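Below, read A as the first sequence line, B as the second, and so on, with proteins coming before strands; counting in each chain starts at 1. Since we're looking at a predicted model, the values are computed, not measured.
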Number of protein chains: 2
Amino acid sequence: MSKDAPARDAEATRRRLLDAATGEFAAYGIAGARVDRIAAEARSNKAQIYHYFGSKDGLFDAVFDDMCRQTVDAVPIDPADLPEYAGRLHDSYVERPWVQRLATWYRLERAGSGAVVPIVVESTRAKVRAVAEAQEQGLLPTRFSAAELLGLVLHLSGFWSGNVPEYDEVAGPASAARRRQVVVESVAALLS
Amino acid sequence: MSKDAPARDAEATRRRLLDAATGEFAAYGIAGARVDRIAAEARSNKAQIYHYFGSKDGLFDAVFDDMCRQTVDAVPIDPADLPEYAGRLHDSYVERPWVQRLATWYRLERAGSGAVVPIVVESTRAKVRAVAEAQEQGLLPTRFSAAELLGLVLHLSGFWSGNVPEYDEVAGPASAARRRQVVVESVAALLS
DNA sequence: CGGTATCAACTAACTGACCAGTTGACATGG
DNA sequence: CCATGTCAACTGGTCAGTTAGTTGATACCG
């Protein structure tokens, strides 16, 4: 049993810190996150954070990279059925709402740093290639370039995650099924 | 000449503070913005900020409200030509990039406060009405509700303002004209 | 096997910088 | 001379990052 739950388990502590930090950064962003809250939430201690991750920024990088790894392959692309692909992406955003928030904080607070996450670049490149091949086979229209088409699909998938409260106020509540349908149908319309 | 440039002009000072704060909040968000930087940039000082706006949050509210007033009527909706409307919205985002950033910070950092900006709600309501009327006249498809359609158009208008750096890296540079065309054509496709 | 040396994991308390917000004195125009 | 606009200096609290020390598991030795 010693392997299952050692009283002092570095890997488990690291994991708890990462999970707590994910919630904190998703909620408050980099500038708004509090290192003390993360340590408390993880039932650990600030010094551990600096031991494992070096700095607050280093912790965010680790959180973001971790999230990317979990996300990148979670929803494999299906170039032959982009509407359904968008629907599944939408589902994944509903299921894991912090993903979109982290990505948005990243874009706002890390813009211009020039640093990119290689795993995301690589996976995006692969998806563009897949779309380009489908275009060559006549499965997809060529009115948009492969990169443009992929970008539009990804953007539309996040339609319901990126609205200001004022819009929700006016639009009123929509059922989960209807929201998904809007995403699927709008992508389908793009491909006409 | 006393009216043109009085040595002590409360209104002008207020304006400088508002403009400086707009840049600061757009760049760093609410938590990241520094009141001292705003005061320095406005060639004023902190006490003025607290005199005119009460608090940092009050200053953000004033900035956001000010931006909304300037934006809401800047691009009037044309329900008979939504693609071109989206194109003009896109143009306005290119011209005034801080608008999208402020809106995003607002969404992330003020979510759940329940407070909404009345002027935005009202203008959105009017736009939904305009779209609904155009649908009744058969000018627009009814596959999406008026609110959904408006939401999709607004969302697509911001396509090029909301991408993570990794996407730009993969997609490579696109000309300003092409970017606009993608927005216009994607909205046109929605209406087919 | 019992004692102990060693090291990684862990912790509480501290520090120094920074920052939102305040104060009270001074300037200037009417 | 007073209303109002302006400002430098101050304050109290907060927060990222550090330090010095404790705990517990394991390896090593007599």
Side-chain angles (χ1 to χ4, degrees), chain A residues 1-64 105-106 108-110 113, chain B residues 1-64 105-106 108-110 113:
Chain A
M1 294 286 160
S2 67
K3 203 73 180 297
D4 283 339
R8 322 185 120 205
D9 184 336
E11 199 46 50
T13 302
R14 203 187 139 90
R15 190 69 250 165
R16 284 204 316 280
L17 287 171
L18 224 38
D19 289 342
T22 300
E24 179 77 9
F25 282 126
Y28 303 104
I30 302 177
R34 294 292 166 253
V35 176
D36 297 86
R37 273 203 297 256
I38 295 170
E41 172 71 23
R43 279 161 300 123
S44 181
N45 180 288
K46 270 203 295 188
Q48 300 297 73
I49 289 176
Y50 289 93
H51 175 240
Y52 287 123
F53 305 103
S55 66
K56 192 189 189 185
D57 279 350
L59 177 57
F60 180 83
D61 287 342
V63 163
F64 193 71
W105 289 118
Y106 172 73
L108 287 178
E109 301 196 271
R110 279 293 170 86
S113 81
Chain B
M1 295 288 158
S2 68
K3 204 68 178 300
D4 283 338
R8 325 185 116 207
D9 185 337
E11 199 45 50
T13 302
R14 202 186 139 90
R15 189 70 250 165
R16 284 205 316 281
L17 287 169
L18 224 38
D19 289 343
T22 299
E24 179 77 8
F25 282 125
Y28 303 104
I30 303 176
R34 294 294 166 255
V35 176
D36 296 87
R37 273 202 298 254
I38 295 171
E41 172 71 24
R43 281 162 296 123
S44 181
N45 69 77
K46 279 202 290 185
Q48 303 297 75
I49 290 176
Y50 289 94
H51 175 239
Y52 287 124
F53 304 104
S55 67
K56 192 188 189 185
D57 279 348
L59 177 58
F60 180 82
D61 287 342
V63 163
F64 193 70
W105 290 117
Y106 172 73
L108 288 178
E109 301 196 271
R110 280 290 170 86
S113 79

Contacts table for residues 17-25 of chain B: side-chain donor-acceptor under 3.5 angstrom, sequence neighbours left out:
unit_1	atom_1	unit_2	atom_2	d
B:D19	OD1	B:R15	NE	3.4
B:D19	OD1	B:R15	NH2	3.1
B:T22	OG1	B:L18	O	2.7
B:E24	OE1	B:R37	NE	3.2
B:E24	OE2	B:R34	N	2.9
B:E24	OE2	B:R37	NE	2.7
B:E24	OE2	B:R37	NH2	2.8

Dump every N/O contact between nucleotides 14-19 of chain C and the protein below 3.5 Å, one line per pair.
unit_1	atom_1	unit_2	atom_2	d
C:dC19	OP1	B:R34	NE	2.9
C:dC19	O5'	B:R34	NE	3.1

> Looking at the side chain of B:Y52, which of C:dC10, D:dT6, D:dC7 is the nearest nucleotide?
Replying inline: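 Per side-chain heavy atoms of B:Y52, the pick is D:dT6.
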
> Which nucleotide in the set D:dG17, C:dA9, C:dG21 lies at the smallest distance from any side-chain heavy atom of A:Y50?
Replying inline: D:dG17

Would you kindly give the [atom1]-to-[atom2] distance between [X] and [N], to the nearest whole Å?
X	N	atom1	atom2	result
A:Q48	C:dA12	CD	P	11 Å
B:H51	D:dA3	NE2	P	14 Å
B:I49	D:dC7	CD1	P	12 Å
B:R14	D:dT6	CZ	P	13 Å
A:E11	C:dA8	CD	P	16 Å
A:I30	D:dG17	CD1	P	12 Å

Under a 4.5 Å cut-off applied to non-hydrogen side-chain atoms, are [X] and [Y] in contact?
X	Y	answer
B:D57	B:E109	no
A:Y106	A:F60	yes
B:R16	B:T13	yes
A:F53	A:V63	no
B:V35	B:L59	no

Pairs: protein N or O with nucleotides 19-22 of chain D N or O, under 3.5 Å:
none

> Are the side chain of B:W105 and the backbone of B:I30 linked by a donor-acceptor contact shorter than 3.5 Å?
Replying inline: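 Between the backbone of B:I30 and the side chain of B:W105 there is no qualifying donor-acceptor contact (under 3.5 Å).
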
> Is the backbone N or O of B:A39 less than 3.5 Å from a side-chain atom of B:K46, with the two atoms forming a donor-acceptor pair by type?
Replying inline: no

> B:G58 and B:S55: which non-hydrogen atoms are nearest, and at how many Å?
Replying inline: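 Heavy-atom minimum between the residues: N-OG, 2.9 Å.
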
> Reckon B:T13 has a side-chain N or O less than 4.0 Å from the OP1 or OP2 of D:dT6?
Replying inline: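 Yes, because at least one side-chain N or O of B:T13 sits under 4.0 Å from OP1 or OP2 of D:dT6.
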
> Is B:F53 touching bases, backbone alone, or none of the nucleic acid, heavy atoms closer than 4.0 Å?
Replying inline: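 The answer is nothing, as B:F53 stays clear of every strand by at least 4.0 Å.
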
>> Only pairs with both distances under 3.5 Å count, Watson-Crick or wobble alike; so what is the partner of C:dG16 in this structure?
In response: D:dC15

